[in-house]
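Every chain is numbered from 1, with letters handed out A, B, ... down the list of sequences.
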Amino acid sequence: MRLSVLLPLPLGPLSYLAPEGCARAPAPGLRVAVPFRKGVRVGVVVGVEDAAEGDFALRHAIGYLDEEPFLDEAGIAFLGRAAAHYFTPAGQLLADLVPFLEPPLRHEVRLVDGAARPDLTGLTLWRDAAELDPALLDELREGGVLEERVREQKPTRKTLVPLREPTEKLTPKQQAALETLRALGEAESQTALAAAAGVGPGVVRALVEKGYAGWREVELELAPPAPAGPALEPLPVPEPPPRINGGRWAERLQLAAGLASEGETLVLFPERYVLERAYDRWPPPALPFHGGQSPELRRALWREKPPVVLGSYQALLMPRRWRRIVVMDEGSDSYKLASGSRAHAVHLAELRAELLGAELYYLSLTPAVEVVEKPGLLVRPPRTRVLPIDLRRERGWPLSGRAVELLAQVPEKGRQALVLVARRGYSGRLFCKSCDWQPICPNCDLPLRFHKPGRRGRLVCHQCGHSEPAPEVCPACGGEVFGYSGPGVQWVAEEIQRRLPELPVYQYSAERKDDLTPLQRGEPGAVVGTTALLRTPAPPELALILLPYAEGFLPASDFRAPERYHRLLWQLADLHPTRSPLIALQTFEPDHPAVEALIEGDVTGVPETELVLRRMLGYPPAVRMVVLEFSHRQEATARAAAMDAAEFLQKRLGDYLETAPFAPLLGPAPAPVPRIRGRYVFHLILRAPEPDLLRDWLSDLPPPKGARLRLDPDPVGFVGLLED
DNA sequence: AGCACGCCGACT
DNA sequence: GTCGGCGTGCTC
């Protein structure tokens with residue numbers, strides 16, 4: 001028999017012969033250990049055929065790891081379909097979705113009976129394969145004289161257990177300690193037992209030395225923590241439409257629980273923090289499943305069959321016949337996988353549902369543009385109180401007089417404020433006031449951000465991490481006066497503290513996470529931070545949310561920016577579980593549609609108009625769009641590779657160029673950030689309303705000369721992957 | 001992805 | 001003369 005084995009590597013399936021001397025029939029979906037290069041890797045059987053004449057001698061697989069298939073047939077089919085859609089090998093997708101696939105292995109070998117290897121007499125008994133030279137193992141395997149067995153090493157822990165009955169030989173204290181151990185069954189450590197029995201540590205040590213108690217390796221029983229909060233009441237909807245919007249967070253959870261109440265439901269979450277908060281309130285029984293859990297725990301939970309799983313994208317391949325998949329907050333950027341296949345988890349969920357024949361639901365405060373046309377149900381959105389502060393009229397930067405007044409009221413009333421800034425550090429830009437010089441990252445062609453932890457401060461690249469001390473005088477003209485623009489967390493926090501010295505001010509961003517427990521306890525204060533703040537629980541007395549520069553959240557080069565801005569603003573309205581804090585927006589665009597929608601309490605209008613615009617301009621979802629990224633250390637090499645590809649595609653597209661509703665080929669052009677980490681990047685964009693066309697064009701594309709080509713098959717914002 | 005192989009520049 | 005940079009190709 002010949003196996004097609006998918007390894008969690010960016011490769012297609014590899015062929016192996018079925019394990020030698022293994023009675024088990026191979027079945028698709030089983031995990032199998034295989035020799036790969038000089039070692040052993042674990043993959044999944046995705047196909048079984050009769051052995052045929054091969055171009056080369058196949059190696060034998062070593063053995064299966066599972067009783068029950070790790071993946072089901074629908075999951076295997078899904079991997080193939082998704083791989084084709086994302087122009088990536090199926091193994092890449094397997095690696096992305098199941099990074100915990102490979103367990104630690106117990107791998108033993110010995111020579112088969114009668115093997116004529118007098119030089120290896122030590123190998124007639126089972127030996128741990130790790131003790132032997134991989135080259136020797138390979139040679140023996142080739143020669144067909146090696147017997148192997150392999151299994152998943154279960155996670156264990158050491159525990160102190162009683163080994164014998166107490167006898168008269170023990171002192172009274174030793175007897176008491178042993179009785180305690182027998183009553184408890186086991187103890188974590190000698191000290192723990194001593195404490196439990198009320199004796200000194202020496203007594204327990206004596207028990208162990210005399211052999212009355214001893215250490216035993218026991219299997220680690222793995223379980224997620226119990227939900228931490230009171231369970232919410234499910235809110236079932238009769239004949240629910242595929243899209244449900246509006247409501248408060250807890251209300252949407254109730255609706256999700258209602259959708260899941262018939263069981264066999266996967267509830268998909270964009271990020272771990274949201275998932276954990278939902279799990280804490282979810283009516284049992286349900287299990288969480290996400291990348292924050294240990295690989296051992298995820299492997300253990302993989303086999304569980306709870307009626308409901310609250311999962312991240314890593315739960316998508318679980319061997320379950322879901323009847324429903326509920327996608328929470330489908331518009332979240334976090335669904336986009338930032339590396340590897342760069343797939344989009346919402347799309348993967350759609351594909352999985354399609355192949356399973358499962359019902360799919362989208363449940364969010366504001367719908368994504370991609371789903372806004374589906375039949376929907378609107379629950380009343382949270383009440384909003386919005387105060388736009390027009391920066392074209394108000395004085396004061398980065399804090400207007402109005403903003404300071406609002407902030408001043410916060411401690412007076414014993415309330416709390418949240419100040420949201422798009423940048424971390426002190427300022428987005430630093431420049432010389434006399435000659436306009438500004439520092440650029442030596443690796444990235446991006447302005448260096450100014451951070452101000454000390455007197456002088458540092459210049460930091462938010463792309464590659466490059467950091468240098470800020471200059472004291474301008475290196476270009478010797479000027480000594482610097483200007484700043486693009487206020488960051490530090491600047492705003494400093495300014496608030498300067499204007500309101502009595503107000504306790506906290507900072508919260510990736511680089512500085514102040515302890516917010518005083519706020520959580522209800523003490524007055526203000527916290528200034530980036531969107532990292534949205535992943536902490538809202539302070540209980542939250543009365544004001546201030547955005548000193550709201551457009552900071554609206555990157556101009558991204559066609560999804562208005563949708564994301566709208567989603568962010570609504571997220572603010574839903575931050576506090578019950579209150580409606582005042583949302584004060586300092587902005588040059590107080591009549592931006594997203595701001596108006598927030599004022600009017602409209603959650604679907606902006607996505608609806610965005611959809612119309614995208615159709616007019618030929619952006620997703622009206623077209624499928626793929627970005628080709630050519631990069632190289634030498635600018636000319638990267639550009640030439642992009643030009644070659646453009647030329648090829650120009651010819652390949654032929655007549656389609658004339659008939660296409662939108663220009664199907666854009667570029668090449670330098671990427672929005674022309675150089676990252678020392679590599680020049682050029683972009684070429686392909687788009688067509690018919691996704692199959694793109695696949696044809698790209699399948700013919702010759703590999704680039706010199707430069708590296710990476711595809712972004714689902715560009716969620718061209719600068720969206722840049723951190724800021 | 002990792003890893004080996006292979007080809008050109010800066011060092012003992 | 002070698003060390004080591006990374007560009008290229010392959011993994012059953």
- [ ] Go through His451(A) and Glu511(A) one step at a time and tell me if the side-chain hydrogen bond (donor to acceptor under 3.5 Å, both in side chains) criterion holds.
- [x] CA-CA 10 Å; His451(A) 287 242; Glu511(A) 64 189 343; 2.8 Å; yes

Task: Chi angles and distances behind the side-chain contact (heavy atoms from CB on, under 4.5 Å) call for His344(A), Tyr86(A) - done: CA-CA 9 Å; His344(A) 195 94; Tyr86(A) 285 105; 3.8 Å; yes

Task: Working for side-chain contact (heavy atoms from CB on, under 4.5 Å), residues Arg303(A) and Phe70(A) - done: CA-CA 8 Å; Arg303(A) 308 278 182 199; Phe70(A) 190 84; 3.8 Å; yes

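Within a 6.0 Å sphere centred on CZ of Arg633(A), other residues, nucleotides and ligands contribute 12 heavy atoms or fewer.
Residue His632(A) has its side chain nearest to dG7(C) when only dC12(C), dG7(C), dT11(C) are considered. Of the candidates dA4(B), dA1(B), dC12(C), the closest approach to any side-chain atom of Lys38(A) belongs to dA4(B).
Looking at heavy-atom distances under 4.0 Å, Gly706(A) makes contact with sugar-phosphate atoms alone, never a base. If you check every strand for non-hydrogen atoms under 4.0 Å, Phe36(A) touches a base.
One atom, CG of Asp138(A), and another, P of dC12(C), lie 9 Å apart when rounded to the nearest Å. Leu9(A) places its CG atom 11 Å from the P atom of dC3(B), with the value rounded to the nearest Å. If you measure from atom CZ of Arg2(A) to atom P of dC12(C), you get 14 Å, rounded to the nearest angstrom. Remark: C1' of dA1(B) and CG of Leu94(A) are 13 Å apart, rounded to the nearest angstrom. As rounded to whole Å, 16 Å separates atom C1' of dA1(B) from atom CG of Leu97(A). In this structure, CG of Leu17(A) is placed 9 Å from C1' of dC12(C), rounded to the nearest angstrom. Atom CG of Leu6(A) is separated from atom P of dA1(B) by 15 Å (rounded to the nearest Å). In this structure, CZ of Arg633(A) is placed 19 Å from P of dC8(B), rounded to the nearest angstrom.
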